[in-house]
Amino acid sequence: MSTYKVALVPGDGVGPEVIAEARKVLDALEASGGGMSFRYTHFPWGSNYYRETGRMMPEDGLEEMKLHDAILFGAVGDPDIPDHITLHGLILPIRRAFDQGVCLRPSYLYEGVNSPLEGVNPGDIDMVVFRENTEGEYAPVGGFLYHGMPEEVAVQTNVFTRRGTERIIRAAFEYSRKRNKARKVTSVTKSNAMAYGMVFWDRVFDEVAAEYPDITTESLLVDRACMDFIRHPQQFDVVVASNLFGDILTDIGAIVTGSMGLAPSANINPDGLYPSMFEPVHGAAFDITGKGIANPLAAILSAGMMLEHLGEVEAAGRINRAVESNLREGGVRTPDLGGSASTSQVGDEIVRLMSV
Ligand code: NAI
Ligand code: MG
């Protein structure tokens, strides 16, 4: 029997609603005698914690979190607190402190799900974006000069290190080899305009690509890549991008495969020195918070990615197959997919499907 220590951070908005369903699915797996159990620590961090304490999490919070095998995260964001405070107060520090430099975000068009695009069939869209996750455009480097004065200057610095850049690009190539599909890696760049960081990115990409002669490569400017994610997403296999570009592209990847509510992600610490974190791609979703209609499948699939990471491949497969059946059958789905089921009804249905 393997016991895993899981840090649960439901966070804000729909985060707690969808994490409750992911937890329900993990509980069912545990109860079904799959040879694994989970010990949870609940971290009540986020915007309400901020309202009470002036911080999104305690100063020494990561010390305790570090002792876990994995982190399951909901979402962060609050209509009354500026986004840079919430994001830079919770999720970005976790990604950096635990050196989760590799963010993996699959987009797959499931059978039974309609893409807003015409002429794409189930399985046609099947890509994985590797997003650099600890630096790039989201490095907290910069400042204000003459703050609030008419001559104010804001400086925001992008940071591209050899370690971070090479790490994400290499991870994309390694994954492409294992994936056994088209064996193509697309690099997303903007070196025409960003003449240092992105020129460096291209150079590192070419260097790493030379070590993988069995893999086809291409390099697209980010604006062109956005267009092609909509025009012919079928042509992508593995895509590697900087922190900002990967963030933007994966919202497109989510919506062309049916819904934000279906897109999972993994933030991996490649050395295994710290816990990796699993979370839906979506955010706090203010427009549907508290209505009980958020799609929990992104969070449930993220829990599946967590199990896969922990080596529980069979259990991860059970989750994935249950989600596939649920989407194929189509009877129990939330409004974002055209249904009328609630968040918890979908969670219950996944549990039911795992046992049939
Ligand atoms: P969002 O991802 O929260 O919502 C975008 C759209 O997708 C909305 O129409 C929402 O209703 C829909 N959606 C999202 N999750 C859904 C689900 N599970 N089921 C059905 N529909 C779903 O992005 P938005 O509106 O830009 O950001 C809202 C807040 O979330 C902001 O404060 C932002 O900073 C934060 N955010 C946090 C993230 C995180 O915690 N990792 C990621 C993205 C945004
Ligand atoms: Mg995003």
Side-chain angles (χ1 to χ4, degrees), residues 8-22 43 45-48 50 56-57 71-96 100 103-105 107 113 116 129 131-134 136-138 226 229 241-267 277-303 323 326-327 332-347 350:
L8 277 184
V9 192
D12 301 332
V14 297
E17 302 172 41
V18 297
I19 289 299
E21 301 312 309
F43 292 89
W45 301 342
S47 296
N48 285 334
Y50 179 86
M56 293 293 290
M57 63 174 162
I71 306 162
L72 194 56
F73 189 95
V76 64
D78 188 277
D80 300 325
I81 306 174
D83 283 334
H84 68 271
I85 291 181
T86 54
L87 227 67
H88 280 278
L90 188 53
I91 185 118
L92 299 185
I94 297 177
R95 290 178 186 161
R96 279 196 304 272
Q100 296 164 347
C103 179
L104 220 146
R105 296 185 158 186
S107 296
V113 175
V129 173
R131 169 194 182 190
E132 199 295 316
N133 212 32
T134 46
E137 306 88 345
Y138 292 2
C226 288
F229 261 51
S242 66
N243 211 335
L244 171 68
F245 297 168
D247 193 0
I248 295 171
L249 283 165
T250 50
D251 264 30
I252 303 179
I255 210 66
V256 298
T257 48
S259 173
M260 283 309 295
L262 279 182
S265 82
N267 305 273
M277 176 164 65
F278 302 83
E279 54 166 335
V281 169
H282 66 73
F286 306 143
D287 48 346
I288 54 170
T289 299
K291 296 185 177 163
I293 55 165
N295 189 338
L297 292 180
I300 290 170
L301 288 167
S302 301
V323 170
N326 166 249
L327 292 169
V332 184
R333 48 174 61 182
T334 43
D336 56 306
L337 293 176
S340 58
S342 68
T343 307
S344 79
Q345 283 170 334
V346 173
I350 298 301

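Atoms within a ligand are numbered from 1 in the order they appear, just like the ligands themselves. The residues of the chain are indexed from 1 along the displayed sequence.
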Nearest non-hydrogen protein atom, [atom]:
{"atom": "atom 41 (N) of ligand 1", "value": "Glu279 OE1, 3.3 Å"}
{"atom": "atom 42 (C) of ligand 1", "value": "Gly283 CA, 3.6 Å"}
{"atom": "atom 29 (C) of ligand 1", "value": "Phe286 CZ, 3.5 Å"}
{"atom": "atom 3 (O) of ligand 1", "value": "Ala285 N, 2.8 Å"}
{"atom": "atom 37 (C) of ligand 1", "value": "Val76 O, 3.0 Å"}
{"atom": "atom 10 (C) of ligand 1", "value": "Asp287 OD1, 3.4 Å"}

Do any nitrogen or oxygen atoms of [X] come within less than 3.5 Å of a nitrogen or oxygen of ligand 1?
{"X": "His282", "result": "yes"}
{"X": "Val14", "result": "no"}
{"X": "Asp336", "result": "no"}
{"X": "Gly77", "result": "no"}
{"X": "Ala284", "result": "yes"}

Which of the numbered atoms in ligand 1 are below 4.0 angstrom from a heavy atom of [X]?
{"X": "Ala75", "value": "40 (O)"}
{"X": "Met260", "value": "7 (O), 13 (N), 14 (C)"}
{"X": "Asp83", "value": "31 (C), 32 (O), 33 (C), 34 (O)"}
{"X": "Gly261", "value": "17 (C), 18 (N), 19 (N)"}
{"X": "Ile288", "value": "11 (O), 19 (N), 20 (C), 21 (N), 22 (C)"}

Would you say [X]'s side chain and [Y]'s backbone share a donor-acceptor pair under 3.5 angstrom?
{"X": "Asn326", "Y": "Ile350", "value": "no"}
{"X": "Glu279", "Y": "Ser265", "value": "no"}
{"X": "Arg333", "Y": "Leu327", "value": "yes"}

Of the listed options Ile81, Leu87, Asn295, closest to atom 19 (N) of ligand 1 (non-hydrogen atoms): Asn295
[X]-[Y] side chain donor-acceptor pair, cut-off 3.5 Å:
{"X": "Thr343", "Y": "Gln345", "result": "no"}
{"X": "Tyr138", "Y": "Asp247", "result": "yes"}
{"X": "Ser259", "Y": "Asn295", "result": "no"}

When you measure from the Mg ion (ligand 2) to each N, O or S atom of Asp247, which atom gives the shortest distance? OD1
What do you think, any protein heavy atom under 4.0 angstrom from atom 24 (P) of ligand 1? no
Atom 1 (P) of ligand 1 protein-contacted (non-hydrogen atom, under 4.0 angstrom): yes
Where do [X] and [Y] come nearest, in terms of heavy atoms and distance?
{"X": "Asp12", "Y": "Ser47", "answer": "OD2-OG, 2.7 Å"}
{"X": "Val281", "Y": "Pro264", "answer": "CG2-O, 3.5 Å"}
{"X": "Ile19", "Y": "Leu8", "answer": "CG2-CD2, 4.0 Å"}
{"X": "Glu21", "Y": "Gly347", "answer": "OE1-CA, 3.3 Å"}

Begin with the C-alpha distance, continue with both residues' side-chain angles, and end with the deciding distance and a verdict on side-chain contact (heavy atoms from CB on, under 4.5 Å) for Leu262 and Thr257. CA-CA 8 Å; Leu262 279 182; Thr257 48; 5.8 Å; no
Counting backbone and side-chain atoms alike, is an N, O or S atom of Asp251 positioned under 2.8 Å from the Mg ion (ligand 2)? no
Minimum side-chain heavy-atom gap Ile252-Cys226 below 4.5 Å: yes
Does some side-chain heavy atom of Phe73 sit less than 4.5 Å from a side-chain heavy atom of Leu90? yes
